[in-house]
Amino acid sequence: MVLNIATHMDYEGQHLAEKLSHIIVVVFGVIGWIIGYVNQQFSQTIMVLGVGVLIAAIVTLPPWPMYRRKPLSWRKPRKEVTTDVSKPEKEVVVSASKPKKKNK
Amino acid sequence: MHTFLTRGNALLTFTLSVLAGLTFFCFLSTGLNAYSATATIDTVKVLVKNVPDYSAQKEKQDLGYLMFDLQANLNPLFNWNAKQLFVFLTAEYESPDNKLNQVVLWDKIIQRGENANLDMKNMNTNYYFWDDGNGLRGNPNVTLTLSWNVIPNAGMLSIVRGSGSHTFSFPNEYTNVRAQ
């Protein structure tokens with residue numbers, strides 16, 4: 001399926017993409033407003049804004065390499081995973097992970 | 001923002017917000033516009049008849065009939081927030097029954113891009129000039145004015161009365177209805 005193609009960006013890439021798209025759309029909107037005001041045609045404002053949206057879409061929608069430079073470094077998966085629920089160690093692990101969520 | 005579709009969604013919603021803001025500033029740039037203009041109105045022919053208005057009742061009522069000339073340059077009213085003008089000619093008079101009567105006799109829609117420099121001769125009214133009684137015959141003081149609505153892309157629907165009016169009087173005798 002088409003939707004299964006990996007289109008994700010890393011966190012910094014997402015931030016950059018959002019910032020870029022906002023800047024492009026706003027700049028084209030302001031330019032379009034000025035053009036429309038000078039020519040007294042609001043339709044020109046909308047068309048310039050539409051051009052800005054197209055450019056923003058091309059720049060920020062696809063997962064370009066510039067948005068994937070800082071991938072998260074995950075720990076490598078352990079080869080043997082022991083899942084013994086009866087061991088008391090497991091509870092210690094669970095309770096230790098709770099404060100981490102609060103810190104986020 | 002992590003998939004293609006969420007980024008597309010965010011881009012479109014943000015664009016709509018920006019468009020709303022631009023439209024609002026477009027309204028602000030024209031919000032203080034007075035939209036005033038001058039109209040020159042004259043009557044060519046004025047008659048008054050006494051006939052029944054069968055759509056209302058069988059009693060006879062006064063029916064005014066007039067032809068008019070109209071000159072008004074409304075081109076300066078158009079700006080980037082004015083989509084069309086609705087121009088209408090109103091007759092105002094006082095009758096024994098009513099302190100103020102207002103009758104719309106003629107109207108016209110002028111869209112953006114059309115010629116708004118009106119210069120009309122010997123125009124007939126679009127609508128009947130009915131009085132609700134016998135207030136028209138010999139009425140010495142009937143005033144014609146031109147008004148218009150400015151229909152905007154965004155903002156307030158303004159209604160403006162043009163400067164310049166024409167006052168005329170109806171004749172003292174009824175004109176006989178033809179082919180009675």
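We name chains A, B, ... by the order of the sequence lines, and we start the count at 1 in each one.
Not less than 6.0 angstrom separates the ring centroid of B/F168 from the ring centroid of B/Y93. Ring to ring, B/F170 and B/Y65 are not that close: their centroids are 6.0 angstrom or more apart.
Of the two parts of B/N79, the backbone and the side chain both hold a non-hydrogen atom closer than 4.5 Å to a non-hydrogen atom of chain A. When heavy atoms are compared at a cutoff of 4.5 Å, A/H15 does not approach chain B at all. For A/Y11, no part lies near chain B; criterion is any non-hydrogen pair under 4.5 Å.
Using a 30° and 60° split on the angle between ring planes, A/F42 and B/W80 fall in the perpendicular class, above 60°. Between A/W33 and A/Y37, the ring-plane angle classifies as parallel under the 30° and 60° cut-offs.
Listed options A/S43, A/G32, A/G50, A/G36 were ranked by heavy-atom pairs under 4.5 angstrom with chain B; first place goes to A/G36. Among B/S29, B/A10, B/G21, B/A82, the residue making the largest number of heavy-atom pairs under 4.5 Å with chain A is B/S29. Most heavy-atom pairs under 4.5 Å with chain A: of the set B/L22, B/L12, B/N81, B/T23, this distinction falls to B/L22.
For B/F25, the CZ atom is loosely surrounded, since the number of other residues' heavy atoms within 6.0 Å does not exceed 12. Heavy-atom contacts from other residues, nucleotides or ligands closer than 6.0 Å to CZ of A/R68 number more than 12. Within 6.0 Å of CD in B/E114 there are more than 12 heavy atoms belonging to other residues, nucleotides or ligands.
Chain B is approached within less than 4.5 Å, heavy atom to heavy atom, by A/T60, A/L61, A/P62, A/P63 from residues 59-67 of chain A, ordered by number.
Between B/V87 and B/L74, some side-chain heavy-atom pair lies under the 4.5 Å cut-off.
B/D97 and B/S95 form no side-chain donor-acceptor contact under 3.5 Å, judged by distance and modelled atom types alone.
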